[in-house]
Amino acid sequence: MLLFGKLAVGVSWTLAAILPNAAAQAPFTNFTIYPHTADIPIAPKYSPLRPPAIPLAVRSPYTSVWSTTAGHGTLNSQPPIFWFGQRLGWEGIVVVDGNSFEYMGTVINDFPELPYFNTTVPLEVRYDSQYSNFTFLAGPVIITASFFSPVTPKDVCRSSIPLSYLTTTVQSNDGRPHHVQFYSDVNGQWMGLGNEGDTIKEFHTGPFTGNGTGNSTDAPMNWILRSRYPALFNEASQIPRWGNFSFNTSPMGAANFSYQSGSATSVRFGFVNNRYLNNDAGSITRGFGNQEPVYAFAHDMGTVVETSVRYTIGSIQNPIMRYLHKGGLSDLAPWWSKCYGEMHEMIRFHWNDFDAVARLGNEFETQLRNDVNAFYQGGQPPVYNRTRPAPPTTGNGSTYTAADVLNGTDQYGQQYKFDPNSAYGFLDPNNATGIAVPFVSEAESYYAIVALSARQVMGAYVFAVPPGATDSSGEVEPLMFQKEISSNGNINTVDVLYPASPFFLYANPTLLKYILQPLLELQEGDFYPNTYSTHDIGAHFPLATGHVEGTDEYMPVENSGNFILMAYAYYKFTGDSNWLTAHYELLAQFAQYLIDFSLVPSAQLSTDDFAGELANQTNLAIKGIVGLQAMSSISRVVGKGEDAAKFADKATSFYSQWEDYAIDPSGRHTLLAYQWRSSWGLLYNIFFDKLLNMGLVDPKVYAMQSAWYATVSQTFGVPLDNRHHYTKSDWEVWVAATCSPTTRRLFINAIAYWLNETVTNLPFSDLYEVVGSGDYPLGIDHFSARPVVGGHFALLTLGKTGQLANAAGGDTTGSLFTKNGTEPLPLAQPPTPAWYANAPYKNRAVRRTPPRPDEMEMRGSAHSHGR
């Protein structure tokens, strides 16, 4: 394999099989042409772009580990971090012909200078919806660390597993065989532990038997850590104080496999010098920093041209939630226990499931790309076509250069000017309105956003066995619980689920039902005294103990409207009218509250509670009014004709009045609050009117708002409202879905531009400044890793209804829904292949599913190469 510039090319078929996206992606359009991005020495090339943090192991609120890129950080210059920001110990070293190369972690900084201990040169970082692949040059070999956190939303059992994969591959770069050894260790910080006096550790060799899903069977060896003094359902700095941490691998054909626990310096220095571990799992270590305990594996693969090892890792809790219900308080088991049995059986299943779940992940990724391409059909080049795109050109046909960024013509013939010292971004020189970042494909920008968001969404949820369903017989569906990560830790927060809902409507609408179920049980079980929707079902995850006193965060119009709109959307995407009928009484109760209080909302919080209370909120009022229109349709679905007429009459009447109150007398835009002339904001709550083709909001409002946003845009997008210069990325995409193609492109490219340029250092923040360096807003806790990035899937959800990118904001002529009709999507969910389909649970902990013929061929080939 040769090196071309900084990029390794010529990836072998074996490497491509391990990393299914390693050879299939062409690079994202190069953002480095813009100011503030220099060609940093030894900086990797990022594809599709450089986000502030790259997901490593993201499967649950407690298995959520990332690699920050802030300050030019790389996997081997900054240690992995938990979503909250604290560093975690996860070390990776490869030895080649006696020389050690560190590809993950910063241990080399703790050692004296050793001629045989080197850092690697980062070449490339690629991510998609499933994988984060890091490629390094290490002397005569290429190292690829592939982090795989499967996103399989149609498979509830697999989605409930809190473990993630790392496959580290070494490939000769000079065509010659080399002696290769692997080393990796972890510390107790994954469980908030340091000194081993606080830790109970176990090392399991396990019986060398096990069953997977059509894969070769194996039983991994495990380091299991847990607190000596656990505190059930407690957290310390967001890390659980109960449960287990699991770090696993198997010999995988190694000529010599070894393990060891002990002080960090002793174990690591010993390996670098001796190139093996002493198989001592019993040493007691008391210390911190360099002397903290670590738990290590080492593989000696002998002399090879190419080889790999795999690890699995994650934080495991059982029980997983405490839940208030009609039967009292129950401690709920995780859903994976119903699918696979006890913890070690789940670990074994997950280990042996790699090939099968990789296929499922690849199916989701392929569908994601196809759907992005389908949405932009005819208007944008396809996402990641296999041929490298030609360099962009200026308006006169000459090759585009960095100097053109200040003044030029983009690929659509749009003139622009750009002052890197201002906060205005790219402007039309004729009227000073904002235009999209030029020379960037909107389709590729959008793909980069949703691909990064997928793992983050699913990583905020856990699946639990309902109370009383502890045996393995009978039909039962899981309960889903959402942690409001990084804002306040509430559980199943309605105004967080609402912005996240497009992901579920796109990926698997049934999951939305599983998340709403605990909210319904709370309010239908007489555990909530108010007539409006509750804000959440628990003040802090994982204690879902409700708010029996009714003193939850006060967002009555917000969450009543949210609940009705999500309920109707669930029906429209599934056709499940029985579910609407079962919960009609509660939904009608919320609708009555909207009749009483939504047209002129009193001073209260909206979902953007960090902005404070405000009376007469235009965007909040339209949510309630569109919610009443949705409730009219719900009433028709369940056969309540009189109710339907009442709700429709109120929605129509309120909307007419709303236009008078909400639109500035100039007719240029809606106001943030009624009759506040200097105010404006993102009108994202009309999205469901367009998505479900309810036909309530006048198309002229869509057109008016679409034209307005370009007049108030900044470098990294459009502010949330006139009071601040921060924005919310989820609402920006919702708004983009309601705009003309030109304005939509402005929003989407700005988000991708921010991702690539921001100085933030934590997982994808949905709240950030649109000026300066795109930093976190002052005075507000840093938002990171929140599930609201599910809102980024709004365009794909729109595409699922037949509405594509070439339509104007108010144009729903392509919709598969008739205007104000009540029929669900006419196209059923695509049939699931038999080998993939799973029952909601399995009666036995061990599962077998038949492999596909091409899977058998791949397995035979993989085995022949020593994998």
Side-chain angles (χ1 to χ4, degrees), residues 21-22 24-34 37 44-55 58 66-69 124-134 147 149 151 364-376 379-386 388-389 392 411 436-457 502-503 506-507 716-717 727 729-730 732-733 736-737 744-758 760 763-766 768 774 784-785 788-796 799 805:
N21 301 295
Q25 300 176 358
F28 184 68
T29 304
N30 188 3
F31 275 96
T32 60
I33 59 177
Y34 299 119
T37 303
K45 180 175 179 62
Y46 290 90
S47 181
L49 48 69
R50 181 210 64 87
I54 307 284
V58 181
W66 305 71
S67 175
T68 182
T69 66
E124 187 176 34
V125 180
R126 291 179 179 268
Y127 72 82
D128 60 21
S129 65
Q130 312 285 323
Y131 292 87
S132 298
N133 297 336
F134 298 75
F147 297 85
S149 296
V151 176
F364 181 90
E365 169 65 15
T366 300
Q367 189 67 53
L368 180 69
R369 296 186 185 209
N370 290 342
D371 289 343
V372 172
N373 287 333
F375 179 77
Y376 288 100
Q380 292 282 332
V383 176
Y384 295 123
N385 51 16
R386 293 178 180 270
R388 195 180 184 91
Q411 69 269 44
V437 176
F439 301 106
V440 177
S441 159
E442 182 193 348
E444 292 191 4
S445 291
Y446 186 60
Y447 169 78
I449 294 166
V450 292
L452 184 64
S453 302
R455 282 171 282 182
Q456 183 166 318
V457 179
F503 172 82
Y506 166 72
F716 296 121
T727 196
S729 63
D730 49 346
E732 283 200 296
V733 180
R744 186 195 61 241
R745 186 163 62 248
L746 168 67
F747 277 106
I748 300 303
N749 282 5
I751 297 172
Y753 186 31
W754 173 82
L755 276 171
N756 199 73
E757 300 292 327
T758 177
T760 58
F764 201 153
S765 177
D766 57 288
Y768 53 84
S784 68
V788 299
V789 297
H792 299 155
F793 286 78
L795 300 185
L796 288 173

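Taken to the nearest 0.5 Å, the CD1 atom of Ile748 stands 5.0 Å off from the CG atom of Leu795. One distance of note links CG of Leu49 with CZ of Arg126; it measures 12.5 Å at 0.5 Å rounding. Note that the OH atom of Tyr46 and the CG atom of Asn756 stand 10.0 Å from one another [nearest 0.5 Å].
The only member of Tyr446, Tyr506, Phe747, Phe764 that meets ring pair (Phe, Tyr, Trp, His ring centres under 6.0 Å) when paired with His792 is Phe764. For the pairing with Val151, the side-chain contact (heavy atoms from CB on, under 4.5 Å) check across Gln456, Glu365, Arg455 returns one residue only, Arg455.
Closest approach of Ser729 and Ile751 over heavy atoms only: O-CD1, 3.9 Å. The nearest pair of heavy atoms linking Val372 to Ala443 is CG1-O, 3.7 Å. Listed here is the closest heavy atom pair of Pro44 and Glu124: CB-N, 3.7 Å. Closest non-hydrogen pair, Gln411 versus Ser441, comes out as NE2-N, 4.5 Å. When all heavy atoms are compared, the tightest approach of Tyr127 to Ala448 is OH-O, 2.8 Å.
Residues Phe439 and Asn749 fail the side-chain proximity criterion, which asks for heavy atoms closer than 4.5 Å. Put simply, the side chain of Pro52 reaches to within 4.5 Å of the side chain of Leu755, judged on heavy atoms. Thr727 places a side-chain heavy atom less than 4.5 Å from the side chain of Tyr768.
Between Tyr753 and Phe716, the ring planes are tilted. Angles from 30° to 60° get that label. The aromatic rings of Phe503 and Phe364 lie tilted to each other, with the angle between the two planes from 30° to 60°. Classification of the Phe134-Phe147 ring pair by plane angle, with boundaries at 30° and 60°, yields perpendicular.
Between the side chain of Thr758 and the main chain of Trp754, no donor-acceptor pair closer than 3.5 Å is present. Proximity of a side-chain donor or acceptor of Ser132 to a complementary backbone N or O of Pro55 within less than 3.5 Å is detected.
Donor-acceptor pairing under 3.5 Å is recorded for the side chains of Arg50 and Thr69.
The salt bridge (Lys or Arg N to Asp or Glu O under 4.0 Å) search around Asp766 returns Lys728, Arg786, not counting sequence neighbours. By the side-chain contact (heavy atoms from CB on, under 4.5 Å) test, Ala53 is found to be paired with Trp66, Pro763, residues two or more places apart in sequence or in another chain being considered.
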